[in-house]
There are 2 protein chains.
Amino acid sequence: MSKLLIVGTVAFDAIETPFGKTDKILGGAATYIGLSASHFDTNSAIVSIIGDDFPQEYLDLFQNNNINIEGIELVEGGKTFFWSGRYHNDLNSRDTLETQLNVLADFQPVVPQSFKDAEFVMLGNLHPLVQLSVLEQVENPKLVVLDTMNFWMDNALEDLKKVISKVDVITINDEEARQLSGEYSLVKAARKIEEMGPKYVVIKKGEHGALLFHEEEIFFAPALPLEEVFDPTGAGDTFAGGFSGYLAKTEDISFENMKNAIIYGSNLASFCVEKFGTERMQELSKEEVHSRLREFRKLTQFEIELT
Amino acid sequence: MSKLLIVGTVAFDAIETPFGKTDKILGGAATYIGLSASHFDTNSAIVSIIGDDFPQEYLDLFQNNNINIEGIELVEGGKTFFWSGRYHNDLNSRDTLETQLNVLADFQPVVPQSFKDAEFVMLGNLHPLVQLSVLEQVENPKLVVLDTMNFWMDNALEDLKKVISKVDVITINDEEARQLSGEYSLVKAARKIEEMGPKYVVIKKGEHGALLFHEEEIFFAPALPLEEVFDPTGAGDTFAGGFSGYLAKTEDISFENMKNAIIYGSNLASFCVEKFGTERMQELSKEEVHSRLREFRKLTQFEIELT
């Protein structure tokens, strides 16, 4: 079992969807990544920052899921990062209502001594300079996965390009891939992004699934068609956690095994959206994941004869 | 080998894409369906209407592809249906520049005597009353497939519902499925549409693939990620032609075999968009189709172990 180092936000979210709204609940990229990866009983650690308003029960939740929290800095008198957003009726787009950076504004990540030799690193969505700083503290990782978003392309492109040049896998959505590459065709976009550094490009298309590109190879993982999407918050991070967690568990970074990692990521993300926040992920059983894995298999597998 | 009866437009199209524009070229739903189905050496017939401006070489093209043209009514002194459109830069949307119904305005379809016993019927996109009239002339088909579009939902919904209640399979795109059912979730939309008549619902999502629904079963066929889409005209009809042609060829209408039919439909559609109009379909070889079928298999097939 390899070590998985996760950097990202640990936060409070307040969410409105057509189905209801929440008060401040547990959120943040590293939270979703960590809970998702923990499905694989990984040996993981989160590097992040919180204020003293962050409840002990959430820290206990991490530890109960075998997530090392030494790297979560607690700022006395500080307030935890807060995001609030409202989803539109189709749940495919949202407005940010409020962002309070709070302690995140001055975050200097410190990787715990015991995870400097982590074989797998998952850089969750954060300022590229924070991601770079984490990378510099890790000795000789086997695989580095980067998640990012259009906000950093708009506001910190040069820093972002530096991180991109140092990672093995990048996960972004289709619009971001087009923005980053200047290419509309996702095949061409992925090729251009590979030239920027990553050997593997994962393009997330939400309800339309995800594509994995590597040189001339392409793999497509569907999203499971769901009767009801309740709250999409954290789906991308849960996908990234499933992806990196599965690779850390299996210690196999071949293209063939990355296919499985993408299927697992899609699988876990399909649960995440069924309830508000991390609720569904907290109660998720191995049996449920396995059962849905069989649904994924049925969804796309076919036996065809040439005519 | 079963008989496949196709009804739909045979037309002239003038197309503008970001890559160029055409004069009046061969188009029409039945044209694309027929050429696509002919890949399977089907015994097919087109029921449609043309004016005397329609070139003999196009009729020869149909006959050379083993498509019976007795049901294509030629109106002396009449002009063939004409459509002209301009695609936007992303090729995902288009504006209609001009529509001349011409001889189509008074079309009374007549099914040739030799195809009244057709086992397979493909109702291409046309006024629902024309589709109904064809159905009434066919004796005892094994499978009827309906293609339609939002225009008829807006302008002839009651007639459309009558056709829908009489068919086995309906193919529509995702937005149309939502409009027809009033449900945003495609799973729920498909279930509602099944209640309207069809036992099978195919939802086309363009570059995002296609879904097949039947009771509790779902199958997903990806679209092949393409480097370049040149002209999307006819892709949906080509999909329908591949789907119905494969079923007519194999004479197996089980859910398992419909999966293959959807894969073949997607496969053929992926060629259609590579050149203007029907150009690519006319020159397409069996070897190319088989080679791409192997790409489709690689794209989604995976071997996964439960963790």
Side-chain angles (χ1 to χ4, degrees), chain A residues 18 39-41 89-92 174 178 183-188 190-191 203 205-209 211 213 217-229 245-246 249-250 256-257 259-264 267 286 289-290 293-307, chain B residues 18 39-41 89-92 174 178 183-188 190-191 203 205-209 211 213 217-229 245-246 249-250 256-257 259-264 267 286 289-290 293-307:
Chain A
H39 168 79
F40 304 102
D41 310 312
N89 276 336
D90 63 6
L91 291 171
N92 273 330
D174 42 0
R178 286 172 173 139
E183 293 285 350
Y184 186 81
S185 152
L186 295 180
V187 178
K188 287 187 177 176
R191 199 169 295 152
I203 298 182
K205 304 200 297 173
E207 61 164 328
H208 302 302
L211 288 158
F213 293 89
E217 307 249 39
I218 310 180
F219 177 68
F220 176 82
L224 202 68
L226 295 172
E227 272 197 51
E228 205 81 86
V229 172
Y246 180 81
K249 162 86 170 189
T250 55
E256 282 307 307
N257 199 49
K259 292 182 183 179
N260 298 342
I262 296 239
I263 294 288
Y264 261 108
N267 185 338
K286 272 208 188 327
V289 175
H290 289 174
L293 206 52
R294 285 185 281 271
E295 287 184 60
F296 267 88
R297 198 155 22 189
K298 276 177 64 181
L299 187 61
T300 53
Q301 308 298 288
F302 59 91
E303 296 294 331
I304 207 163
E305 281 180 35
L306 304 183
T307 55
Chain B
H39 169 78
F40 305 102
D41 310 312
N89 274 337
D90 64 5
L91 291 171
N92 273 330
D174 42 0
R178 287 173 172 139
E183 293 284 351
Y184 186 81
S185 151
L186 296 179
V187 178
K188 287 186 177 177
R191 199 170 295 152
I203 298 183
K205 304 200 297 173
E207 61 164 327
H208 301 303
L211 287 158
F213 294 89
E217 306 248 40
I218 311 178
F219 177 67
F220 175 82
L224 202 68
L226 295 172
E227 270 196 53
E228 205 82 86
V229 171
Y246 180 81
K249 161 85 170 188
T250 55
E256 283 306 308
N257 199 49
K259 292 182 183 179
N260 298 343
I262 296 237
I263 293 286
Y264 261 108
N267 184 339
K286 272 207 188 329
V289 175
H290 289 172
L293 206 53
R294 284 185 283 270
E295 288 185 59
F296 267 89
R297 198 152 23 186
K298 277 178 63 181
L299 188 60
T300 54
Q301 308 298 288
F302 59 90
E303 295 295 330
I304 208 164
E305 281 181 37
L306 303 182
T307 55

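The sequence lines fix the lettering, A, B, ..., with proteins before strands; numbering per chain opens at 1.
Interface residue A:K205: only side-chain heavy atoms are found under 4.5 Å from chain B. Residue B:N267: no heavy atom, backbone or side chain, is found under 4.5 Å from chain A. Of the two parts of B:L91, neither the backbone nor the side chain holds a non-hydrogen atom closer than 4.5 Å to a non-hydrogen atom of chain A. Contact annotation for B:F302: both backbone and side-chain heavy atoms come within less than 4.5 Å of a heavy atom of chain A. The contact between A:L293 and chain B is made entirely by side chain atoms (from C-beta outward), counting heavy-atom distances below 4.5 Å. If you measure heavy-atom distances from A:I263 to chain B, the contacts under 4.5 Å come from the side chain alone. For A:F219, the parts sitting under 4.5 Å from any heavy atom of chain B are the backbone and the side chain alike.
One finds the OG1 atom of B:T300 at 12.0 Å from the CD1 atom of A:I218 (value rounded to the nearest 0.5 Å). Here the CD atom belonging to B:E303 is positioned 9.0 Å from the CD atom belonging to A:E256, to the nearest 0.5 angstrom.
With a 4.5 Å cut-off on side-chain heavy atoms, A:P225 and B:L186 do not count as touching.
Among the candidates A:K259, A:R297, A:H290, A:K188, the residue making the largest number of heavy-atom pairs closer than 4.5 Å to chain B is A:H290. Among B:E183, B:R294, B:E217, B:R191, the residue with the largest count of heavy-atom pairs under 4.5 Å with chain A is B:R191.
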List the steps, then state whether side-chain contact (heavy atoms from CB on, under 4.5 Å) holds for B:Y264 with A:I304.
CA-CA 9 Å; B:Y264 261 108; A:I304 207 163; 3.7 Å; yes

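Panel note: side chain A:S185, backbone B:V229; no donor-acceptor pair is recorded below 3.5 Å.
In this structure, B:F220 has its ring center closer than 6.0 angstrom to the ring center of A:F220.
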